[in-house]
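Here the structure is laid out as structure tokens; the discussion comes afterwards.
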Amino acid sequence: MKIVDDKTLPVPNGHYSNAVVHGDLLYISGQLPIDPVTREPPEGFDRQARLVLKRLADILAAAGSSMDNVLQVRIYISDVNDWGAMNEHFAACFGAHRPARVIVPVPELHYGCCLELEATAVIGTGT
């Protein structure tokens, strides 16, 4: 097992790692859309969705993987009415690649965030 520890990634606020590699699999912890400078979520669902998807791409790159190697994504949203917008951001980010995915409506998320994302990916080129 290897912890993904890259100085370009935000330091987690709790006792966990951004991501862990085991074999050729990368397990990415739940990522909240917290701005690394202000330590606050940006205003609005769209800005938060773009930020959390960028954070996913950054973690993948730091681990030697990419969006094309994502196997599954779990997205928690605090307002089910944002499902359509999340789907649009997801499609724009992943393009032709269609990983397995679930969107789970939840009553609320930490720090007042609109969404949280976690994922599993393959390291390298995948198959």
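Residue numbers start at 1 and run along the sequence shown. Every heavy atom of this structure was used, including side-chain atoms; hydrogens, water molecules and symmetry mates were not.
Taken together through direct or relayed side-chain contacts under 4.5 Å among Ile, Leu, Val, Met, Phe, Trp and Tyr, Ile28 and Val11 form parts of separate hydrophobic clusters. One hydrophobic cluster holds both Leu9 and Val21 under the rule that ILVMFWY side chains link at heavy-atom gaps under 4.5 Å. Hydrophobic clustering places Ile123 together with Leu56 (ILVMFWY residues linked when any side-chain heavy atoms are closer than 4.5 Å, directly or through intermediates). Following chains of ILVMFWY side-chain contacts shorter than 4.5 Å, one can reach Ile103 starting from Val70, so the two form part of one hydrophobic cluster. Linking Ile, Leu, Val, Met, Phe, Trp and Tyr residues whenever their side-chain heavy atoms come within less than 4.5 Å leaves Val102 and Ile77 in two separate clusters.
In terms of heavy-atom proximity, Gln31 sits nearest to Val52 at O-CG2, 3.0 Å. In this structure, Leu53 and Met67 approach most closely via the heavy-atom pair O-CE, 4.4 Å. Across every non-hydrogen atom of Ser78 and Cys113, the tightest pair is OG-O, 3.6 Å. The heavy-atom pair separating Ser17 from Ser29 by the smallest distance is O-OG, 2.6 Å.
Sorted by first and then second residue, the salt bridge (Lys or Arg N to Asp or Glu O under 4.0 Å) pairs with a member in residues 70-92 read Arg74-Glu118; sequence neighbours excluded. Within the structure, every pair that satisfies the side chain to side chain donor-acceptor pair (under 3.5 Å) test and touches residues 44-62, not counting sequence neighbours, is listed here: Asp46-His89, Lys54-Asp58.
The distance from the OH atom of Tyr111 to the CD atom of Glu116 is 10.5 Å, given to the nearest 0.5 Å. One finds the NE2 atom of His22 at 13.5 Å from the OG1 atom of Thr120 (value rounded to the nearest 0.5 Å). Atoms CH2 and CZ, on Trp83 and Phe45 in that order, are 11.0 Å from each other to the nearest 0.5 Å. Within the model, atoms OH of Tyr76 and CD of Glu108 stand 16.0 Å from one another, a figure rounded to the nearest 0.5 Å. Considering CG of Leu51 and SG of Cys114, their distance stands at 11.5 Å, rounded to 0.5 Å. Note that CG of Leu26 is 9.5 Å distant from NZ of Lys2, once rounded to the nearest 0.5 Å.
Counting heavy atoms from C-beta on, the side chains of Asn18 and Pro12 come closer than 4.5 Å. Using a 4.5 Å heavy-atom cutoff, the side chains of Leu60 and Asn69 are not in contact. Pro99 places none of its side-chain heavy atoms less than 4.5 Å from the side chain of Leu71. In this structure the side chain of Val73 reaches within 4.5 angstrom of the side chain of Phe94, judged on heavy atoms.
In Gln72, the CD atom is crowded: over 12 heavy atoms of neighbouring residues, nucleotides or ligands sit closer than 6.0 Å.
Test Val80, Ile75, Asn81 against Pro105 for side-chain contact (heavy atoms from CB on, under 4.5 Å) and you get one pass: Val80.
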If you apply the rule side-chain contact (heavy atoms from CB on, under 4.5 Å), what do you find for Glu40 with Asp35, and how did you get there?
CA-CA 5 Å; Glu40 297 287 330; Asp35 184 288; 5.7 Å; no
